[in-house]
Amino acid sequence: MTLYQLECFIQVAETLSFVGAAKKLCISQPAITYQIRSLEKDISVLLFERNTRSVKLTAAGQAFYKDMVQMHSFYHQAVQKARDISLADASHLVVGIRKLFDYDRMAQMVTSFYARYPHANVDILPQNDAKPLDDLRSNRIDIGFFYSNEHSECSDIMFKPLYQLGYYVLMNPHHPLAKRTSLVLTDLKGEAVVTAGSASSFLSACQGPSLAELKNAGVDISHSTPSFEGALIMIKAGTAMSILPFLPFAVVPGMVKIPLLNCPSVHIEIGWLKQDVRPEIPAFVEIAKNLYDSL
């Protein structure tokens with residue numbers, strides 16, 4: 001028995017007409033008659049009683065029809081499932097991540113995404129802090145995370161707010177200020193604040209206090225390292241500190257973070273290109289939004 005024979009049989013059984021079934025399948029009446037006769041011969045069962053006036057199912061044909069309709073449905077379900085998996089296998093989502101991001105929740109996002117798209121591939125790449133929007137526009141990443149004041153109105157990029165970050169001073173736990181419950185900029189007078197790269201680009205990326213505000217407070221901003229990792233090493237070594245946005249419960253191993261008062265919080269948003277209409281994009285965005293809405 002072939003699938004084509006099965007489809008011909010089901011159409012004749014449902015229309016009780018060889019002519020009607022032939023029209024539905026866009027074939028000739030003799031062709032469909034041939035398929036039914038071949039099927040009956042293959043399975044050695046008479047499926048229809050037919051004469052010049054009518055066609056009806058035999059008792060065996062009725063039982064056969066009930067089972068074959070179900071099997072035909074299973075076939076189409078199997079085909080659709082295979083196609084879905086094939087499409088998912090081809091799916092490759094690249095997600096950007098910012099320095100000192102909420103890594104635990106990023107892992108939860110990816111886990112939830114894989115639960116929905118088990119055959120997809122997700123890559124995590126560090127974002128360019130100096131020009132983060134370029135990563136999206138160059139297709140280096142598909143989804144990224146942005147400080148709200150890193151962008152104005154962008155006609156080509158969609159943004160959705162996720163959460164707010166407060167500013168903290170990150171320092172060595174043995175620093176004299178490490179036991180304070182909060183700080184203001186003037187408390188950092190004479191202290192070295194390290195930046196990754198140029199001070200202006202680093203502070204711009206983090207959206208923290210401006211260069212002018214730091215200078216007016218007497219903060220030493222002459223220390224910089226080429227990489228963010230280098231800045232963290234200096235902080236851990238106790239030779240400098242840094243000002244960064246954090247979630248209240250975020251922990252940086254081997255360091256303390258103390259709230260910096262009088263600094264407005266910054267909004268973190270998730271962004272993607274409007275022209276990217278793959279269903280995986282809104283799915284990942286929805287997972288991220290739901291995760292932070294539940295905090």
Side-chain angles (χ1 to χ4, degrees), residues 80-165 196-197 201-208 226-229 231-232 244-247 249-250 252 265-295:
Q80 187 59 52
K81 183 177 180 180
R83 286 173 177 166
D84 290 343
I85 291 174
S86 178
L87 288 173
D89 281 339
S91 175
H92 183 202
L93 198 63
V94 183
V95 180
I97 190 169
R98 304 299 288 262
K99 294 179 175 68
L100 286 181
F101 191 78
D102 186 5
Y103 300 123
D104 287 342
R105 278 167 184 77
M106 173 60 86
Q108 292 178 47
M109 290 179 215
V110 174
T111 299
S112 298
F113 181 79
Y114 275 136
R116 192 175 301 187
Y117 292 90
H119 302 280
N121 291 316
V122 178
D123 286 336
I124 308 296
L125 295 183
Q127 286 180 237
N128 181 344
D129 282 328
K131 296 180 178 180
L133 296 179
D134 288 355
D135 285 343
L136 275 180
R137 290 177 173 141
S138 66
N139 295 313
R140 180 174 175 267
I141 62 174
D142 302 311
I143 293 175
F145 297 88
F146 305 89
Y147 297 104
S148 56
N149 42 358
E150 278 181 324
H151 63 86
S152 55
E153 291 296 325
C154 297
S155 61
D156 59 333
I157 300 175
M158 294 287 291
F159 295 96
K160 180 166 286 192
L162 289 181
Y163 57 91
Q164 295 184 40
L165 294 176
S201 64
F202 177 80
L203 294 170
S204 174
C206 293
Q207 301 300 320
S227 68
F228 188 72
E229 292 72 20
L232 290 178
L244 295 165
F246 284 98
L247 285 165
F249 47 77
V252 184
S265 59
V266 61
H267 292 260
I268 294 293
E269 300 180 339
I270 189 169
W272 66 99
L273 288 175
K274 287 183 179 179
Q275 67 184 26
D276 195 338
V277 295
R278 290 176 294 165
E280 298 94 324
I281 299 293
F284 194 94
V285 171
E286 178 190 358
I287 288 167
K289 188 74 170 63
N290 291 341
L291 184 62
Y292 283 101
D293 283 349
S294 66
L295 294 181

Is the shortest side-chain heavy-atom distance between I141 and V95 below 4.5 Å? no
Tell me every residue that passes side chain to side chain donor-acceptor pair (under 3.5 Å) with Y292, counting only those two or more places apart in sequence or in another chain. D102
Considering residues at least two apart in sequence or located in another chain, which fulfil the side chain to side chain donor-acceptor pair (under 3.5 Å) criterion with K160? none
Is the backbone N or O of Q127 less than 3.5 Å from a side-chain atom of D135, with the two atoms forming a donor-acceptor pair by type? no
Please name the pair of heavy atoms, one in I287 and one in R116, separated by the smallest distance, quoted to 0.1 Å. CG1-NH2, 4.0 Å
Could you list the residues that satisfy side chain to side chain donor-acceptor pair (under 3.5 Å) with N139, not counting sequence neighbours? none
With rounding to the nearest 0.5 angstrom, report the CD1 to CD1 distance, I143 to I97. 12.5 Å
Quick check: closest heavy atoms across V266 and P245, and the distance to 0.1 Å? CG1-CB, 3.9 Å
Hey, what do you get for CD1 (I281) to NZ (K274), rounding to the nearest 0.5 Å? 15.0 Å
Walk me through whether D123 and H92 qualify under side chain to side chain contact (heavy atoms under 4.5 Å, CB included). CA-CA 8 Å; D123 286 336; H92 183 202; 2.6 Å; yes
Do I157 and F146 make a side-chain contact, defined as non-hydrogen atoms from C-beta onward lying under 4.5 Å apart? no
Mind checking whether F159 and H267 have side chains closer than 4.5 Å, heavy atoms only? no
Between I270 and A288, which heavy-atom pair has the shortest distance, and what is it? CD1-CB, 4.0 Å
Side chain to side chain donor-acceptor pair (under 3.5 Å) involving T111 - partner list, sequence neighbours excluded: none
Using 0.5 Å steps for rounding, measure from the CG atom of L136 to the CE atom of M158. 12.5 Å
Q164 and S265: which non-hydrogen atoms are nearest, and at how many Å? OE1-OG, 2.7 Å
Answer whether the closest heavy-atom distance between the side chains of R140 and V94 falls below 4.5 Å. no
For Y117 and A283, which heavy atoms make the closest approach, and how far apart are they? CE1-CB, 3.7 Å
Tell me, do L162 and L291 make a side-chain contact under 4.5 Å, heavy atoms counted? no
Heavy-atom closest pair (R98 atom, F145 atom, distance to 0.1 Å) is NH1-O, 2.9 Å
To the nearest 0.5 Å, atom CZ of F284 lies from atom CG of L93 at 6.5 Å
Can you find a pair of side-chain heavy atoms, one from L165 and one from Y147, that are under 4.5 Å apart? yes
What pairs with R278 under salt bridge (Lys or Arg N to Asp or Glu O under 4.0 Å), at least two apart in sequence or on another chain? D142, D276
CG of L232 to CG of L244, rounded to nearest 0.5 Å, is 8.0 Å
Salt bridge (Lys or Arg N to Asp or Glu O under 4.0 Å) against K289, all qualifying residues, sequence neighbours excluded: D293
